[in-house]
Amino acid sequence: MSIEQTLQQATAKAVQHLYQTEIDPQSVTINQTPKNFTGNLTVVIFPYIKIARKNPLQTGAEIGNYLKEQFSFIEDFNVVQGFVNLLFSNEFWLQQFTQLANNPNFGQLPASGKKIVLEYIGPNTNKPLHLGHIRNMFVGHAVAAILQANGHEVHKVNIFNDKGINISKSMAAWKLSANGATPQGTGMKGDHFVGYYYVLYNKLVTQQAAPWLQQGMERTEAEKQTEIYALAQDYTQQWEQGNPEVLQLWRTMNGWVYEGFKETFEQLGIEYEKAYYESECYELGKEMALEGLSQNLFFKQPDGSVWVDLTDQNLDQKLLIRSDGTSVYITQDMGVAELRYNDYHPHQMIYVVGDEQIYHFKVLKLVLEKLGKPYANTIYHLYYGMVDLPEGKMKSREGKVVDADDLVAEMLQTAEEHTKELGKTEGMNPDEAHLLYRILGIGALKYFMLRVNAQKRILFNPKESVDFQGNTGPFIQYSYARINSILRKFGQDYILPHYQVETLHPFEKDLIAELLQYEQALQTAADTLDPSVVANYAFAVAKTYNKLYAELSVMNNSNPHTNTFRVALSAVTAGIIKKALHLMGIEVPQRM
RNA sequence: GGACCCGUAGCUCAACUGGAUAGAGCAUUAGACUACGGAUCUAAAGGUUGUGAGUUCGAAUCUCGCCGGGUUCACCA
């Protein structure tokens, strides 16, 4: 039981004992005491002054006295308005710290028995990954790690949107203008190669549509008149009919893309245990739709298309099968969900997908509910906000995107320049140096993306956004590296079961209190599926430590016991920083 | 137009889910001892939480109206 829970129950008992009224311990508010008041935790007793029929000061004094008599770790208390501020004893902090320092499993909560499948990344296979995918990957990876640390069994999966009109467009442009070129031949990364033809398609279609556009035809109509559009359409249909030649081209081009993706995943430390492919799920989805139709859950239009009516849910009618019998996006997702459920039988299926698809997932859930699927309500759409550029939205059709690989390269370069400027590469061999640039550059990027609540939009300015000072990844990494330097110098005997110190400096208390918050942060992060909780926590720990480091000597005190204690405190701090950063997929440097 | 989301310091974000005098970082200004690493630390300045009402001991947080911004409602994925 946590201190907070203990105090909640004790406060409920106090009210019962003093005023003969029963209250729910859960309803007792316990806060951390704000910095400008003395105390560690605060009990809010406003709700009980009516029950007590006394003024807040009297009520607070009575409850405070009761608590102080009850617990030896409460050294003192003071009452301000309706707040009872409790001050804990030195022994309490030392004992808590010792417990923490000697617990090898700290930060790994016991197994919950809950199984979760988490889908993330979800790229289309017609173009390279971009900034949006980066946010997706970082959020997904971090949420999975956080859930695991909370004791859940997490299976990370990916979904490739590998079929349909988009890849057909790349195929058509390649067919018409590549002369059989390949990534190997041109020296391009596979996904960039295919993406080039996707952008080219859009150029060509605009060119070819020009005559109709000049006649005043609407853009979408004009594009339908073009040769390249016809070819892309043809590919889509031929694909569904199993034309071997088309399938061959499709396989080849997708293969190029997967090779390229693999490199990017490795660069970013992103992995998953299973990949799903829409090309393997759409037929199952179609069957499910037809089954629903036969049960009169859905309805058919005269043209043969199949629809679901969700107007009673305040939504619209939604197409499930086109009039030509082919499936659409949502149908495929129905198949994916079914397949995934059969694979894992999870308690929860989390989808990390952008917030522009909130409506889509609402519909998906309702359709599966209509079909009576047991997993319908295990579906949870964990959405994240768009990443905006200073110029506005990214537009992949126009090639106006921040490319993931370019961005990574830029981060590594910035990290290198910065490190060299500060003269930190002295005594490092080139391998060590490059590893460091990677740790710092990727760390800065991950932290930048994760420190903001995932559901908020973020503005990404490539020139200014990713910094190395202040509330950043490298700031936290730096704190770690400095502690590491101390540990190297001090030697290994820094963790002892007992510390011969009697008084604690306020900075030491602050730090211990902060460290003890780790599991609380971990839980909040899991409950809200929000990695920014962990990011902000890690920053707070680093800041609290840096303050202590600046004001006090860690290992050069005249009293050797003080040195031992502070070095141990530093070591535990470093361990927690490492754990917290690890949850975000951020590595830690030995020196920087 | 229907549904949903957002508005906090010049900028980027917090606020323990209803608690005290709304906090950090960046940028600006002024400082930090031949102490363990200055990618650090200390301080100043910066606010009518878009706006108006309501709910109660107490509102950035909950409710309603208005103003401003966004997403979505495809036989695209």
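Since the structure is predicted, the reported quantities are computational estimates derived from the model, not experimental observations.
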Worksheet item: To the nearest Å, how far apart are Q32(A) CD and G19(B) P?
Response: 13 Å

Fill in: Test: K224(A) and E221(A) ion pair at under 4.0 Å
yes

Practice prompt. Mind calculating the distance between NZ (K318(A)) and P (A77(B)) to the nearest angstrom?
Written response: 10 Å

Worksheet item: Can K127(A) be said to sit on top of Y198(A)'s aromatic six-ring, NZ or CZ under 6.0 Å from centre and within 45° of the ring axis?
Response: yes

Worksheet item: Quick one: does S485(A) reach the base of C36(B) with a side-chain donor-acceptor pair under 3.5 Å?
Response: no

Worksheet entry | Phosphate-side-chain proximity, N546(A) and C41(B), N/O vs OP1/OP2 below 4.0 Å | yes

Worksheet item: How would you label the glycosidic angle of U61(B): syn (within 90° of 0) or anti?
Response: anti

Worksheet entry | Lys/Arg N to Asp/Glu carboxylate O, K163(A) vs E240(A), below 4.0 Å | yes

Worksheet item: Looking only at N and O atoms, is any donor in the side chain of T33(A) or the base of A20(B) less than 3.5 Å from an acceptor on the other one?
Response: no

Practice prompt. Give the nucleotide from the list C75(B), A77(B), C36(B) with an atom nearest to the side chain of S553(A).
Written response: C36(B)

Worksheet item: Between F261(A) and F160(A), how do the two ring planes meet: parallel, tilted or perpendicular, split at 30° and 60°?
Response: parallel

Worksheet item: On RNA chain B, nearest-nucleotide positions of L436(A) versus V328(A): which is more 5'?
Response: L436(A)

Worksheet item: Would you say the side chain of N85(A) and the base of A20(B) hold a donor-acceptor pair, judged only by whether the two atoms sit under 3.5 Å apart?
Response: yes

